[in-house]
Amino acid sequence: MKLELPALPYATNALEPHMSAQTFSFHHAKHHNAYVVKGNELLEGAGIEADTLEDLVKAAAKLGGALFNNVGQCYNHEFFWKSMKPNGGGAPTGAIAAKIEADFGSYDNFKKEFVAGGVGQFGSGWVWLVVDGGKLKIAKSANAETPLTSGATPIIVCDVWEHAYYIDFQNRRPDFLACFVDNLLNWDFANANLAKA
Ligand code: MN3
């Protein structure tokens, strides 16, 4: 299979004022697109057969290097776009609300741990909400790494590479992460992923 640049699930200005159309013009149209183009170049002749992006990531992880970095970034970014929605964030609804109470004690504690996870990821990477061993947990990954390759089920992700927030928040990564949880987090997507975990 070939990598593709997916259309965003909303208009590029739909998440304003929290994430600007200008950020999407770089982050989706340039950064994500570059991973698609480079990943497809590297996939030619790599001999990988996969039917889904998830299987492609797992196969590329065995080869590592630039191939994995570009394929992993395609998966991570597609998951990130879906992890947000207009008027998202705030207290969760549905099955994930009870699961957050059970595994984090409270929504406020989840938020604290998610933000701390993203702040604590040194350099470029990602902060995830995952199901691992039946429990919701916060996971961090560096560069293009993803919990998919360690057997956890991704539920939500936030990109903490500087390109994700520098236009809108400059160096204020903690404010970006708090804004993601308060205003952007797509609990419908989280519930759909939880149902598959
Ligand atoms: Mn990014």
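Just so you know, ligand 1 is whichever comes first in the structure, and atom 1 is the first atom listed for that ligand.
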(Q) Quick check for you: with the Mn ion (ligand 1) as the vertex, what angle do OD2 of D159 and NE2 of H163 span, to 10°? (A) 120°
Q: Taking the Mn ion (ligand 1) as the vertex, measure the angle between atom NE2 in H27 and atom NE2 in H77; round to 10°.
A: 90°
**Q.** Ring-ring centroid check H27 W81, cutoff 6.0 Å
**A.** yes
Q.
Whether the side chain of N143 engages the backbone of E145 through a donor-acceptor N/O pair (distance < 3.5 Å, no angle test) should be reported.
A. no
Q.
More than 12 heavy atoms of other residues, nucleotides or ligands under 6.0 Å from NZ of K38: yes or no?
A. no
Q) Any N/O/S atom of H32 sitting less than 2.8 Å from the Mn ion (ligand 1), backbone or side chain? A) no
(Q) Tell me which one of W126, Y107, W128, F180 satisfies ring-ring contact (aromatic ring centres under 6.0 Å, His included) with F114. (A) F180
